[in-house]
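Being a predicted model, the structure only gives us computed values, none of them experimental. In this chain, numbering begins with 1 at the start of the sequence shown.
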Amino acid sequence: MEVPRLVVSVASRDTFLGPAVILPRFGSSKPRRHSTFNWLHAPPCQYIIYKISDDKTNIILDCLGDKGASFEEFCSKLPDNDCRYGILDVPITTKSGAETNKLIFVCWSDDNASVKPKMLYASSKDALKKALTGIAEEYQATDRGDLDMNEIRKKAGSA
């Protein structure tokens, strides 16, 4: 099954609503308050990675991680010497001891990437975040050492 993609204009900061606009859903088949990615009938997933198109005009889907995919798999999909946006479905334990999930927006901007893509991704981030709902927190990573699931869980509010 081909998964449709979200297209966000980099230049105008607009989201194009059309046949190519679908965000995959996170989590189980039961909708959760923070999982507003349940549009249409896209398959559940553990993560989504977005990139800026080659012509530098749109933010498009790069890849999806199947539900249950590991954090290591997510990290392996982030390219060296380049930038990406990611959304992770992160399981956390709240201070009251309840188990829940939070959606975390990950900004990957490798230290070794050239300045131009770093600037383009930084200036386009808000356009994508505006098109998404249910994001609990944002996490920035600039090298592989920053990609730490425990730190991401803390950012998400895990006890």
Point to revise | Audit row: E138, K129, salt bridge (Lys or Arg N to Asp or Glu O under 4.0 Å) steps and yes/no | key: CA-CA 10 Å; E138 180 179 320; K129 284 180 71 176; 2.6 Å; yes
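- T93 places no side-chain N or O within 3.5 Å of a backbone atom of G97 that could act as its donor or acceptor partner.
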Practice item. Quick one: do M149 and V90 satisfy side-chain contact (heavy atoms from CB on, under 4.5 Å)? Show the steps, please. Key: CA-CA 9 Å; M149 184 53 118; V90 179; 4.2 Å; yes
Exercise for review: Show the numbers, then the answer: is there a side-chain contact (heavy atoms from CB on, under 4.5 Å) between Y50 and I87?
Suggested key: CA-CA 9 Å; Y50 293 101; I87 302 171; 3.7 Å; yes
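- The closest donor-acceptor contact from the side chain of Q46 to the backbone of G68 lies under 3.5 Å.
- Atom CG of residue N81 and atom OG of residue S114 lie 9.0 Å apart, to the nearest 0.5 angstrom.
- Residues I59 and S53 have side chains not in contact (no heavy-atom distance under 4.5 Å, counting atoms from C-beta outward).
- In terms of heavy-atom proximity, S124 sits nearest to L120 at OG-O, 2.8 Å.
- Checked for salt-bridge contact, K118 and D110 miss the test: no charged N lies under 4.0 Å from a carboxylate O.
- Salt bridge present: D80 and R144 bring a charged side-chain N and a carboxylate O closer than 4.0 Å.
- Electrostatic pairing of R84 and D62 counts as a salt bridge here, judged by a charged N lying under 4.0 Å from a carboxylate O.
- With rounding to the nearest 0.5 angstrom, the CZ atom of F74 is 12.0 Å from the CG atom of L64.
- Rounding to the nearest 0.5 angstrom, the gap separating the OG1 atom in T142 from the CG atom in D111 is 4.0 Å.
- No single ILVMFWY cluster, assembled from side-chain heavy atoms under 4.5 Å apart, contains both M119 and L128.
- Remark: F105 pairs with Y85 by the ring-ring contact (aromatic ring centres under 6.0 Å, His included) rule, at least two apart or across chains.
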Review point. Does the side-chain contact (heavy atoms from CB on, under 4.5 Å) test come out yes or no for K125 and C107, once each step is laid out?
Key: CA-CA 8 Å; K125 176 178 66 174; C107 298; 3.3 Å; yes
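- One finds the CD1 atom of I52 at 7.0 Å from the OG atom of S123 (value rounded to the nearest 0.5 Å).
- The shortest non-hydrogen separation linking I92 to A156 is CD1-O, 3.6 Å.
- Residues L103 and L88 fail the side-chain proximity criterion, which asks for heavy atoms closer than 4.5 Å.
- Side chain to side chain, E73 and Y47 meet the donor-acceptor criterion of an N or O pair below 3.5 Å.
- Here the side chains of D146 and W108 are not in contact, with every heavy-atom distance at 4.5 Å or above.
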Check your understanding: Can you check side-chain contact (heavy atoms from CB on, under 4.5 Å) on I60 and K51, steps first, answer last?
Key -> CA-CA 6 Å; I60 60 173; K51 68 178 183 175; 4.0 Å; yes
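- Separating the CG atom in D89 from the NZ atom in K67 is a distance of 4.0 Å, to the nearest 0.5 Å.
- Here the CD-CG distance, from E99 to N101, works out to 9.0 Å after rounding to the nearest 0.5 Å.
- Contact between C83 and S109 at its shortest, heavy atoms only, is SG-OG, 3.6 Å.
- With contacts defined as side-chain heavy-atom distances shorter than 4.5 Å, the pair R153/P91 qualifies.
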